[in-house]
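Here is the structure we will look at, set down as structure tokens.
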Amino acid sequence: MAAEGDVDLDLEAEENCTGKPTEKPRKHDSGAADLEKVTDYAEEKEISSSNLETAMSVIGDRRSREQKAKQEREKELAKVTIKEDVELIMGEMEISRAVAERSLREHMGNVVEALIALTN
């Protein structure tokens with residue numbers, strides 16, 4: 001009879017007050033559900049060749065415009081006349097001739113503005 005009492009106690013321990021058996025906590029399954037929530041799912045789509053060609057042409061046009069603007073800026077800077085101020089800037093700032101000339105040309109030959117720009 002002691003064995004029957006033990007069995008009854010075990011059954012009562014497995015059932016809660018509603019009469020349904022209690023669920024055991026799942027230790028390993030919860031990680032898989034959490035992993036699905038945090039991982040990004042990217043659907044692979046086929047890129048059409050027309051979209052690709054359009055994007056490449058836009059990029060190419062932008063690059064050519066930027067390069068053309070750079071060349072025009074260099075032409076404008078080359079027109080600026082600089083005097084012996086290059087030697088002054090080279091001596092005072094201890095920089096190369098190219099950097100001194102560039103700074104003077106960018107500031108339209110103004111020595112003071114060129115020196116201020118070089119010190120900042």
Nearest heavy-atom pair of [X] and [Y]: which atoms, and what distance?
| X | Y | value |
| --- | --- | --- |
| Ala117 | His107 | CB-CE1, 3.3 Å |
| Ile89 | Ala114 | CD1-CB, 4.0 Å |
| Asp85 | Gly109 | OD2-O, 4.1 Å |

To the nearest 0.5 Å, what is the distance between [atom1] on [X] and [atom2] on [Y]?
| X | Y | atom1 | atom2 | value |
| --- | --- | --- | --- | --- |
| Ile82 | Asn110 | CD1 | CG | 13.0 Å |
| Leu88 | Leu115 | CG | CG | 6.5 Å |
| Glu113 | Glu106 | CD | CD | 11.5 Å |
| Glu66 | Ser64 | CD | OG | 9.0 Å |
| Met90 | Glu101 | CE | CD | 8.5 Å |

> Just wondering, do Leu118 and Val99 contact through their side chains at under 4.5 Å, heavy atoms?
Replying inline: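 In short, these two side chains touch, coming nearer than 4.5 Å.
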>> Quick check on the hydrophobic clustering: are Met108 and Leu77 connected, directly or via other members, by side-chain heavy-atom contacts under 4.5 Å?
In response: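 In one cluster with Met108: Leu77, no.
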> Got a donor-acceptor contact below 3.5 angstrom from the Ser57 side chain to the Thr54 backbone?
Replying inline: yes
> By salt bridge (Lys or Arg N to Asp or Glu O under 4.0 Å), which residues pair with Glu76, not counting sequence neighbours?
Replying inline: none
> Hey, mind stepping through Glu74 and Arg102 against salt bridge (Lys or Arg N to Asp or Glu O under 4.0 Å) and telling me if it holds?
Replying inline: CA-CA 10 Å; Glu74 291 298 323; Arg102 177 74 179 189; 2.5 Å; yes
